[in-house]
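Below, chain A is the first sequence line, B the second, and so on; all start at residue 1.
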Amino acid sequence: MSTTSTFADLGVRPETVAALSEIGITHAFAIQEYALPIAQRGADLIGQAPTGTGKTFGFGLPLVDRVVSPEEGGHGAPQALVVVPTRELGLQVAKDLAAAGKLRGVRVLPIYGGVAYEPQIDALKKGVEILVATPGRLLDLIKQKHLKLNSVFAIVLDEADRMLDLGFLEDVEKILSMLPEQRQTMLFSATMPDAIVALSRRFLHSPITVHAGHSEEPGVSPQTKQFVYRTHSLNKLEMLARILQAKDRGLTMVFSRTKRNCDRVTEDLDFRGFAAAAVHGDLNQGARERALRAFRAGKIDVLVATDVAARGIDIAAVTHVINFDCPEDPETYVHRIGRTGRAGATGVAVTFVDWEDMPRWRIIDKTLEIGEPEPRETYHTSEWLYSDLDIPADAAATLPSAQRSRVGLAAEKEEDLGGGRRGQRPVRGRSRRSATGTRDAAPVDAPVADGEPADHEPRQRRRRRNGEVVKGDATQILFSDPSGPSVPDPVAAATGAADGQAKARRRRRSPRKPGSAATTTD
DNA sequence: AAAAAAC
């Protein structure tokens, strides 16, 4: 990973070396060692290196070192531009570059949508050396004449393959067309499909390509252990809850394929007592940034996200990445699991593959050759998790205290439910279903209500033999869609509790609303 | 075919 080169060896300015040292960075990563000399002399560059191996400073230090700061007589018009695919990544990159340029007073401004115009416009008026921008707001501000790009000598497309795919290409080309002809263009990413490289020739001049890291699985960090589990969609939430009880788990990112599923997973985890928050594009920008800040600070330890957080986000304490839904393509897989195992750290990546995910997984596996998903049909077959993922056998004993009490409460209802629900098959319900879900997080030895007479055959084998989810199984309640059509509360129905009582019970059990952890933390 | 990105 890191080489023995110091930044001074690589010709980085002394002030920048000192500033890096202040934030604990003393030695260069491979991509930095290779890219810096090329970038410093102004050549066009394609830089590819695995996730978490220092690409940001690989392009960032040559920008910081070459801009003229105000105290050096700079004019204050932007001299360098970094374009990124998401707002939070822009914020992060801007902070990194500002830290590196701090001792020379280099001003780095993040430009992105979803927030007020005024602070950005004011900052532009005062003058700025480096812009880090998402395309939409940048073009917006240019159109409104708050900004010109004619002093920009270098542009970087961070997550370049993403910036050049169909969703962004038009905007990026527009931005490129506003830059001086004589300028440096640099493309950086962990993934660079051939088609993108071919496309990029249109606006690169004699580019030099730099690869760092191993070549077999481009972009994947080898210290991340990857697991792939074939599962039923109805069991994903329970499997997730168990994995989140792994002994060695630090911060964990959970990725879903849709914004709606992201909310649903967050809500379920919140109810189970995990400190989780959601990040996706339908949330307002304040909520997005609060959630990410709380996660960075460790005030919450589970971040549930769409692919808005799949790329670039750098949080050293992330130990686990769970692909709750299979990623859309191999590149997304690489970037998602790249949120862990960064800068030489180890990581764990678990991908759930249900029936719907299967076609997507086929394509990912064809490219990356990770392996056939191992069948993990039900949450009752728990031993696999203990052996693979270091999860305590009495997993429920390690639950947060709020969760423990809920498990106790729910366990009381268990016999009632088993007796009263014989033969029924609740298919869909509203969010209150997760009230029963907490019970399913009880110790695996606990009696499980399934509406069938108790026998001594292991539950797992009964289920296997049946070849489908057991009818009337509590699992069905747990995993039913919280936003689906309303049906009577099965707990209330089974116990004869009035609806009002059920509501009061829910309030006691779940004093915290989804996302409030993030709201109150900063 | 989902998500992201300006208002």
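Across all strands shown, Y117(A) has heavy atoms under 4.0 Å from sugar-phosphate atoms exclusively, and none from any base. Among the heavy atoms of the strands, none lies under 4.0 Å from K143(A). Using a 4.0 Å heavy-atom distance criterion, G281(A) is classed as a sugar-phosphate-only contact.
Each of K236(A), R257(A), R362(A) was compared with D357(A) under the salt bridge (Lys or Arg N to Asp or Glu O under 4.0 Å) criterion, and only K236(A) meets it.
OP1 or OP2 of dA6(B) has at least one side-chain nitrogen or oxygen of R87(A) nearer than 4.0 Å. Proximity of T306(A) to the phosphate of dA4(B): a side-chain N or O atom is located under 4.0 Å from OP1 or OP2. Using a 4.0 Å cut-off, no side-chain N or O of R288(A) falls inside it from OP1 or OP2 of dA4(B).
Taking atom NZ of K145(A) as the reference point, atom P of dA6(B) lies 20 Å away to the nearest angstrom. If you take CG of L139(A) and C1' of dA4(B), they are 15 Å apart, rounded to a whole angstrom. If you take CG of D282(A) and P of dA6(B), they are 15 Å apart, rounded to a whole angstrom. dA4(B) atom P lies 18 Å from atom CG of D158(A), rounded to whole Å. Taking atom CG of residue D171(A) and atom P of nucleotide dA4(B), one finds them 16 Å apart after rounding to whole Å. Taking atom CD1 on I313(A) and atom P on dA3(B), their separation rounds to 18 Å, with Å as the unit. Rounded to whole angstrom, the span from the CG atom of D263(A) across to the P atom of dA3(B) amounts to 11 Å. Look at CZ on R260(A): it is 13 Å from P on dA2(B), rounded to the nearest Å.
With hydrogens and angles left out, the side-chain atoms of R87(A) and Q285(A) include a donor and acceptor closer than 3.5 Å.
Side chain R162(A) to base dA4(B): a donor-acceptor pair is found below 3.5 Å.
Among dA5(B), dA1(B), dA4(B), the nucleotide with an atom closest to any side-chain atom of T134(A) is dA5(B). Counting only heavy atoms from C-beta on, R257(A) has its side chain closest to dA2(B) among dA2(B), dA3(B), dA6(B).
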Check against salt bridge (charged side-chain N to carboxylate O under 4.0 Å, His left out), R242(A) and E238(A): CA-CA 6 Å; R242(A) 277 188 191 272; E238(A) 181 62 27; 3.7 Å; yes

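When all heavy atoms of V254(A) and V302(A) are compared, the closest pair comes out as CG2-CG1, 3.8 Å.
Relative to the six-membered ring of F227(A), K225(A) meets both conditions, a distance below 6.0 Å and an angle of at most 45° to the axis.
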